[in-house]
Chemist: 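Quick one: the structure is below, questions incoming.
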Amino acid sequence: MQIVCPQCGEAHAVAEAKLPGRKFNATCRRCAARFLVEVVFCRRCQRRSQEGWPCACGGEAGAEQELEEGAGEVTADTGAAAGDQGRPAAPRPPDEYRLQFTGSGADYFRIWIVNLFLTIVTLGIYAAWAKVRTRQYFYSHTLCAEEPFDYLADPLIILRGNLIVAGGFLFYMLSNVFTPLVSSLVALAFAGLFPLLVFKSLRFYARNSAYRNIRFHFLGSLQEAYISYLLLPVLLPLSLGLLYPYWAFRRKRYFFDNMAFGSRQNSFAGQAGSFYLVYLKALLIVVLPVMLLLFLGTMMGGMALGRGGASGNGFMSGFVILLLVAYLGFFVAGIFAQQYLYATITNYCWHVSSLGPVRFRSSLAAGRLMWIRLTNILALIVSAGLLFPWTKVRYTRYVVENLSVITSQGLDDFTAGQEDSEGALGEAALDFFDFEVGL
Amino acid sequence: MAPAERHRFQGIFLDGRSSRPTPVLCAVGRSEVVVYDEEHRVLVRADLVDCVFTAPLANSRRFLKFPGGQRLQVDAPQVAAFLDGRIRSHGGLRLVHRLESKRRLVAVSLVGLLVFVWAFMAYGIPALAKHLAMATPMALMEQISADSLELLDQRFFAESELDPARQQEIATIFADLSRDLPVHSSRLLFRKGGTIGANAFALPSGTIVVTDELVELARSNMELQGVLAHELIHVRERHGLRHVIQQTGVFMLISTLLGDMTSLTSLGSTLPMVLIESGYSRKFEQEADLLAGRYFLERGQSLAPYAELLRRLTKDDKLPAAASFLASHPNPQQRLQALAELEQSYGQ
């Protein structure tokens, strides 16, 4: 909400969550005048607005609706609006801006169906626009301090990338069947180019993401991409998988340490050791229950064997039970370990990140995440995929709304960085070959 | 009432250089837009034709973007409508927005989507594959077939242990057949099938491979003649090539449709593909059976020997699921029945 000082006309933006009530005294940051603010609802856009001033939407402000009950006169300074003249003398406690997601499954369903329809009708050409529209929808409904994110990619650039990738893919598919030698060369070339694609797509993705009209940037080097996406995967089997957590660490560091908002680069203070710890725990989550189940299963099998005597029948059924239970346990534990890894590592990466004075807090819970994943998969199966928009919105809402931005200096002091340009080829290739380079 | 010529509204302005939002007053005229700060100093003045008004998308906020990279949030619907009238950017996406906004149009899109997907699967992809396959130059097909044969030889086949006289006998039958069922070129090869067992293969170049096991399974040359004709039809109709092209087409179609769902298990995307593909190859097998059957019937021959061999092949359950004569073929019961019906309809 915007509060304007009647004395000097200075406008203050105040987060709605921080309004102390319906009526309160505020102190102007500019001229130090104290004045009474009455909060009213705009008749047109239903947003909060200051009594006596036209709303930002151009509508009339009217006190039609009650804001809060029993909120009488509050004589307190209001966070950002209040304060003493000039620089704040005493350090304020940091503000926490929890991200909000305001998208809805019903809205996204319409966008999704129309996207698919137009993509099919145009033989895939519209896919580029569909992608931009989907991203724009999700970005513009992700709010930080009431301001949305913005996706700016040009569909034509994405289309160009799509065409090149589709051509390469067609060549691969056809050569795979007829001339396996050529197709393995294509696959090899793809593996060799993959780090470049990651690098390019991260740059494209970042540069086309914006908040408050300031673009993000990705400042990682190509060399580091080759270490994280070619060298380490090649070394992985040689290390008998022991390098795996380190590999995950390098990929996360590559992303988090090189992201920049405007001219300010994020810094990532994560340690490889922490990743090893998390992966060890995940391993225990999978291995322990399975061991337990195997043990129980063996007991049951043994009992069945004892009861069935030497008939062999009891032994077989016991064995089958053992296998089934162990398999089911392994499956569930595997999904849980996956969600545990995702939640813990995401939380950790945000925790050790700092964007100048800004810190982050991510509070994903593995159990909740697993519940959402499982029920989403179930919903998709039951609805033959038609509930996809709801599942995606639901998952996104949970992940987004568990991220907070923490800062004691507000979010107003970021400046734009240098501009660069990058094709969408990398990103398209990643999409097409189903690789996830998520947060 | 004539539409307003000028609009004035308060808004939040971001200059693209800093993340500090500025409350501003904006005046939009017929051709010009001016943004003032609180002290009525001009922040931006621009021609509307140089500005971009972001495309409507569900209930997302819309922004007026200035040539200098600045951005102004526009909330008031009458201002948005006015700007839509003055700025001609994103014309197509406004139509898309209309499609998305009307419940009935969304329903029409859903039905249209289903119809198009079905039409592509049933007609579009097969027709396209046929054209592409028929246009494929011989040289390429020769190359392709040589590579495939080399691979099969390496992985599965061993040299044939058939008696040269027996080979010669079958080659004569084959030569007669290829005179009647002309293909660009044809060649008959014998191989020991090994794990593949009794089987026959047609390569796009016209090379047909028959395994020793199949020859031994056949009780008469008439039976073998049926299989050879079936394979020659595959060659003539370029079924192998068409199958591969269709496979690729289906894969691309499915990955387009499921593009957004890729985080799902891969089963979700491979299962429909397997189903559709086996549907396609069934069609080709039926076609080859039908055309071969007609050929024999026209020459006054019975289809019984061919059907007999098919029946025996089915009993031979040791067949692996390789790209072969029986795997991915239609239910043998159905095939036999189709042959019987064909023969019957011909007799009348």
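Note: hydrogens, waters and symmetry copies are ignored here, and every other heavy atom, side chains too, is used. The sequence lines fix the lettering, A, B, ..., with proteins before strands; numbering per chain opens at 1.
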Chemist: Enter the distance from Arg17(B):CZ to Ile214(A):CD1 here, rounded to the nearest 0.5 Å.
Modeler: 9.5 Å
Chemist: Once rounded to the nearest 0.5 Å, what's the spacing between atom CG of Leu99(B) and atom CD1 of Ile113(A)?
Modeler: 11.0 Å
Chemist: Under a 4.5 Å heavy-atom cut-off, does chain B meet the side chain of Asp107(A), its backbone, both or neither?
Modeler: side chain
Chemist: Counting only heavy atoms closer than 4.5 Å, note whether Asn376(A) contacts chain B via side chain, backbone, both or neither.
Modeler: neither
Chemist: Report the residues that fulfil ring-ring contact (aromatic ring centres under 6.0 Å, His included) with Phe63(B), sequence neighbours left out, ordered by chain and then residue number.
Modeler: none
Chemist: Out of Ala58(B), Ser60(B), Ala107(B), Gly92(B), which one racks up the most heavy-atom pairs below 4.5 Å with chain A?
Modeler: Ser60(B)
Chemist: Given heavy-atom pairs under 4.5 angstrom as the criterion, report whether the side chain, backbone, both or neither of Leu93(B) touches chain A.
Modeler: both
Chemist: To the nearest 0.5 Å, how far apart are CG in Leu113(B) and OG1 in Thr119(A)?
Modeler: 9.0 Å
Chemist: Quick one: salt bridge (charged side-chain N to carboxylate O under 4.0 Å, His left out) pairs with a partner in residues 104-119 of chain B, sequence neighbours left out?
Modeler: none
Chemist: In terms of heavy-atom pairs under 4.5 Å with chain A, which of Arg103(B), Gln70(B), Met141(B), Arg20(B) leads?
Modeler: Arg20(B)
Chemist: Quick one: are Leu152(A) and Lys65(B) in side-chain contact, heavy atoms under 4.5 Å?
Modeler: yes
Chemist: Indicate the atoms forming the closest heavy-atom contact of Glu147(A) with Leu14(B), along with that distance.
Modeler: OE1-CD1, 4.0 Å
Chemist: Which heavy atom of Ser101(B) sits nearest a heavy atom of Arg110(A), and at what distance?
Modeler: O-NH1, 2.8 Å
Chemist: Kindly indicate, with the supporting measurements, whether the criterion side chain to side chain contact (heavy atoms under 4.5 Å, CB included) is fulfilled by Val121(A) and Phe116(B).
Modeler: CA-CA 7 Å; Val121(A) 169; Phe116(B) 260 88; 3.8 Å; yes
Chemist: Side chain to side chain contact (heavy atoms under 4.5 Å, CB included) between Thr54(B) and Gln136(A): does it pass, once the steps are laid out?
Modeler: CA-CA 11 Å; Thr54(B) 54; Gln136(A) 268 171 355; over 6 Å; no
Chemist: Nearest 0.5 Å, please: how far is CD in Gln73(B) from CG in Asn213(A)?
Modeler: 11.5 Å
Chemist: Checking heavy atoms, do the side chain of Asp15(B), its backbone, both or neither come under 4.5 Å from chain A?
Modeler: backbone
Chemist: How many angstroms lie between atom OH of Tyr137(A) and atom CG of Asn59(B), to the nearest 0.5 angstrom?
Modeler: 5.5 Å
Chemist: So which part of Ile381(A) gets closer than 4.5 Å to some heavy atom of chain B, the side chain, the backbone, both or neither?
Modeler: neither
Chemist: Side chain to side chain contact (heavy atoms under 4.5 Å, CB included) for His141(A) and Arg61(B)? Distances and angles first, verdict last.
Modeler: CA-CA 9 Å; His141(A) 285 91; Arg61(B) 300 181 197 184; over 6 Å; no
Chemist: More than 12 foreign heavy atoms under 6.0 Å from CZ of Arg394(A): is that the case here?
Modeler: yes
Chemist: Under a 4.5 Å heavy-atom cut-off, does chain B meet the side chain of Ile120(A), its backbone, both or neither?
Modeler: both
Chemist: For Tyr126(A), is it the side chain, the backbone, both, or neither that has a heavy atom closer than 4.5 Å to a heavy atom of chain B?
Modeler: side chain
Chemist: Let me know if Arg71(B) has heavy atoms under 4.5 Å from chain A in its side chain, its backbone, both or neither.
Modeler: both
Chemist: Do you know which of Val106(B), Leu140(B), Leu105(B), Leu25(B) has the most heavy-atom pairs under 4.5 Å to chain A?
Modeler: Val106(B)
Chemist: Hey, is the main chain of Phe414(A) close enough, under 3.5 Å, to the side chain of Ser19(B) for a donor-acceptor pair?
Modeler: yes
Chemist: Do the side chains of Leu123(A) and Phe120(B) get nearer than 4.5 Å, heavy atoms only?
Modeler: yes
